[in-house]
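In what follows, every chain begins at residue 1, and chains take the letters A, B, ... in the order their sequences are listed. FYI, side chains are in, hydrogens and waters are out, and symmetry mates aren't considered; it's all heavy atoms of this structure.
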There are 2 protein chains.
Amino acid sequence: MNTEGTRRDEIINTATELFKDKGYSAVTMRDLATAMGMKAASLYNHINSKQEILKAIIISLAEEFTQGMDAIKKLDQTAIEKLKLIVALHVDITTKNPHGMASLNNDWMHLEGQLDYYLGLRERYEQDFVEIIRDGISSNEIVDTNPEVVMFSILSTLRSLYLWIPKKEEINAKALAQNLSEVLINGINK
Amino acid sequence: MNTEGTRRDEIINTATELFKDKGYSAVTMRDLATAMGMKAASLYNHINSKQEILKAIIISLAEEFTQGMDAIKKLDQTAIEKLKLIVALHVDITTKNPHGMASLNNDWMHLEGQLDYYLGLRERYEQDFVEIIRDGISSNEIVDTNPEVVMFSILSTLRSLYLWIPKKEEINAKALAQNLSEVLINGINK
DNA sequence: CATTCAAACTAACAAGCGTTAGTTGATAGC
DNA sequence: GCTATCAACTAACGCTTGTTAGTTTGAATG
């Protein structure tokens with residue numbers, strides 16, 4: 001029963017920073033230790049394994065998305081409105097932790113014990129997403145195209161936000177979400 | 001002056017396959033050798049280093065994109081028409097080598113000697129891309145939004161195609177490019 | 001002052017890494 | 001049949017990897 005380790009959190013934050021640059025596999029415990037200003041062995045006073053760090057970064061983010069989607073799909077809203085909320089969800093989570101999103105996107109396959117759990121969350125998320133699009137097509141809100149192509153197109157953009165948000169600090173989350181929704185939903189054709 | 005090594009090509013193709021699953025850093029020369037049905041040392045009869053394999057995968061793809069963009073930007077066409085050609089370019093290259101596209105997207109930072117060259121090509125590509133969008137806004141073809149947001153949105157989708165194309169064999173390249181252009185340009189709002 | 005405790009340290013481990021050197025056996029050209 | 005070439009092999013190298021064990025330090029608590 002402690003105050004839940006600030007030192008452990010610092011290690012995880014530093015690791016997140018390093019993982020986004022070179023990926024999980026290319027970052028060594030000695031790299032991480034150097035970045036923390038200590039020796040590699042000392043890291044093990046705070047964490048149990050390298051693997052545990054990756055899990056801490058990825059799983060909490062994945063669960064945050066699942067939770068957000070669960071809330072959105074229960075709402076009594078139009079499909080288009082739900083899509084806008086999904087865009088806002090991604091912008092929000094990514095703004096708070098863009099480097100962690102790099103690991104989520106690129107290093108999930110190096111999860112060992114939690115790989116199946118992660119894949120389950122992801123599949124469920126994509127199913128919920130495509131379901132909202134199908135509803136929108138049925139209700140005549142959304143143009144009648146392949147719903148998987150639509151989801152893929154939107155989700156690819158949202159998943160890449162982590163690459164882009166850190167470069168654009170002038171724009172705030174709300175404005176970006178609105179701008180992005182506009183482009184993704186209404187297109188760019190005049 | 002030989003027939004330019006089919007065996008070397010097989011190694012590179014096999015490596016491409018392995019890299020897309022686990023990334024460059026997590027694939028060992030012994031993994032690659034096992035997948036080729038030989039011992040690690042034997043690989044060096046055909047290639048000079050692990051690094052050289054990565055370079056062979058990534059640089060040729062990057063140059064193909066540069067070449068495609070150079071051709072498109074010289075054309076006397078509307079901006080929207082040029083965007084459709086860019087979509088087709090990505091669908092085309094990705095369909096021919098989806099696994100290589102995984103390395104291009106995820107392992108470029110592990111290029112050593114050619115990193116600067118690669119980054120130069122990428123920057124030029126993105127500049128050409130955003131220039132086409134700016135032209136489209138000036139000529140009143142494209143809605144007046146932040147051109148970087150537009151480029152980012154489209155390019156993210158195109159760069160993620162490699163994840164998606166291998167799962168959708170029923171759809172052909174031409175139909176996919178058309179479908180995607182429709183969604184990206186005209187949006188999904190009815 | 002004595003004790004406790006967190007958080008750093010040194011030293012070392014077995015395993016795995018990319019790569020090199022030198023060798024072998026099969027195939028093709030003279 | 002001799003020779004050259006190709007593509008595999010065995011054996012080993014020096015280094016790096018994640019991780020463990022045991023120790024030291026300095027600050028807080030009684």
Side-chain angles (χ1 to χ4, degrees), chain A residues 1-59 103 106-115, chain B residues 1-59 103 106-115:
Chain A
M1 311 271 180
N2 55 12
T3 338
E4 193 46 39
T6 66
R7 204 76 180 117
R8 180 176 190 269
D9 291 345
E10 284 179 54
I11 290 173
I12 290 172
N13 289 338
T14 304
T16 306
E17 189 81 23
L18 296 180
F19 290 170
K20 70 122 204 233
D21 284 332
K22 310 169 52 180
Y24 174 77
S25 301
V27 173
T28 71
M29 294 303 275
R30 284 165 181 85
D31 290 339
L32 177 53
T34 301
M36 286 292 297
M38 57 170 76
K39 293 299 167 71
S42 307
L43 294 168
Y44 290 83
N45 287 321
H46 309 283
I47 52 108
N48 294 312
S49 66
K50 189 187 182 191
Q51 185 60 208
E52 184 193 74
I53 299 174
L54 186 66
K55 173 187 153 193
I57 296 170
I58 292 183
I59 297 296
S103 293
N106 303 321
D107 285 321
W108 56 267
M109 71 285 278
H110 300 117
L111 287 171
E112 284 158 18
Q114 290 72 29
L115 181 56
Chain B
M1 310 273 178
N2 53 12
T3 337
E4 195 43 41
T6 65
R7 203 76 179 119
R8 180 176 189 271
D9 291 345
E10 283 179 54
I11 290 173
I12 290 172
N13 289 340
T14 304
T16 306
E17 189 80 23
L18 296 180
F19 289 171
K20 68 120 204 232
D21 285 331
K22 309 170 52 179
Y24 174 76
S25 301
V27 173
T28 71
M29 294 303 274
R30 285 165 179 85
D31 289 339
L32 177 53
T34 301
M36 285 292 297
M38 58 170 76
K39 293 298 167 74
S42 306
L43 294 168
Y44 290 83
N45 287 321
H46 307 283
I47 51 106
N48 296 310
S49 66
K50 188 187 180 189
Q51 185 60 207
E52 183 192 75
I53 299 175
L54 186 67
K55 174 186 153 194
I57 295 170
I58 292 184
I59 297 296
S103 293
N106 304 322
D107 286 321
W108 56 266
M109 71 285 277
H110 300 118
L111 286 172
E112 283 159 17
Q114 289 72 31
L115 180 57

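If you check distances only, the side chain of Asn45(A) never reaches the base of dA6(C) with a donor-acceptor pair under 3.5 Å. Between the base of dG16(C) and the side chain of Arg30(B) there is no donor-acceptor pair shorter than 3.5 Å.
Residue order along DNA chain D, read from the 5' end via each residue's closest nucleotide, puts Ala26(A) first among Ala41(A) and Ala26(A). Comparing Asp31(B) and Ala40(A) by the nucleotide of DNA chain C whose heavy atom lies nearest to each, the residue mapping closer to the 5' end is Ala40(A).
Side-chain atoms of His46(A) lie closest to dA8(C) of the nucleotides dC9(C), dA8(C), dG18(D). The side chain of Lys50(A) has dG18(D) as its nearest neighbour among dG18(D), dT20(D), dA11(D). The side chain of Met38(A) lies closest to dA8(C), out of dT19(C), dT20(D), dA8(C). The listed nucleotides are dT20(D), dT19(C), dC9(D); the one nearest the side chain of Met29(B) is dT19(C). Taking the side chain of Arg7(B) as heavy atoms from C-beta on, and the options dG18(D), dC9(C), dA7(D), the nearest nucleotide is dA7(D). If you check dA21(C), dC17(C), dT19(D) against the side chain of Ser49(A), the one that comes closest is dT19(D).
Using a 4.0 Å cut-off between a side-chain N of Lys or Arg and a carboxylate O of Asp or Glu, Lys55(A) and Glu52(A) do not qualify as a salt bridge.
Figure legend: cation-pi geometry between Lys50(B) and Tyr24(B), with NZ or CZ positioned under 6.0 Å from the six-membered ring centre and within 45° of its axis.
Between the side chain of Gln51(A) and the main chain of His110(A), a donor-acceptor pair closer than 3.5 Å is present.
Between the CG atom of Asp9(B) and the P atom of dA7(D) there is a distance of 12 Å, given to the nearest Å. Here dA21(C) presents its P atom at 13 Å from OH of Tyr44(B), a figure rounded to the nearest Å. dT19(C) atom P lies 11 Å from atom CG of Leu32(B), rounded to whole Å. The distance from atom CG of Leu43(B) to atom C1' of dG18(C) is 11 Å, rounded to the nearest whole Å. Taking atom NZ of residue Lys39(A) and atom C1' of nucleotide dC9(C), one finds them 8 Å apart after rounding to whole Å. Counting to the nearest Å, the C1' atom of dG16(C) and the NZ atom of Lys22(B) are 12 Å from each other. Atom C1' of nucleotide dG18(D) and atom CG of Leu54(A) are separated by 15 Å, given to the nearest angstrom. The distance between atom CD of Glu10(B) and atom C1' of dA8(D), rounded to the nearest whole Å, is 14 Å.
Residue Ile47(B) comes nearest to Ile53(B) through the heavy atom pair CD1-CD1, 4.0 Å, listed as atom of the first residue, atom of the second, then distance. Listed here is the closest heavy atom pair of Leu115(A) and Leu111(A): CB-O, 3.5 Å.
If you check every strand for non-hydrogen atoms under 4.0 Å, Ser42(A) touches a base.
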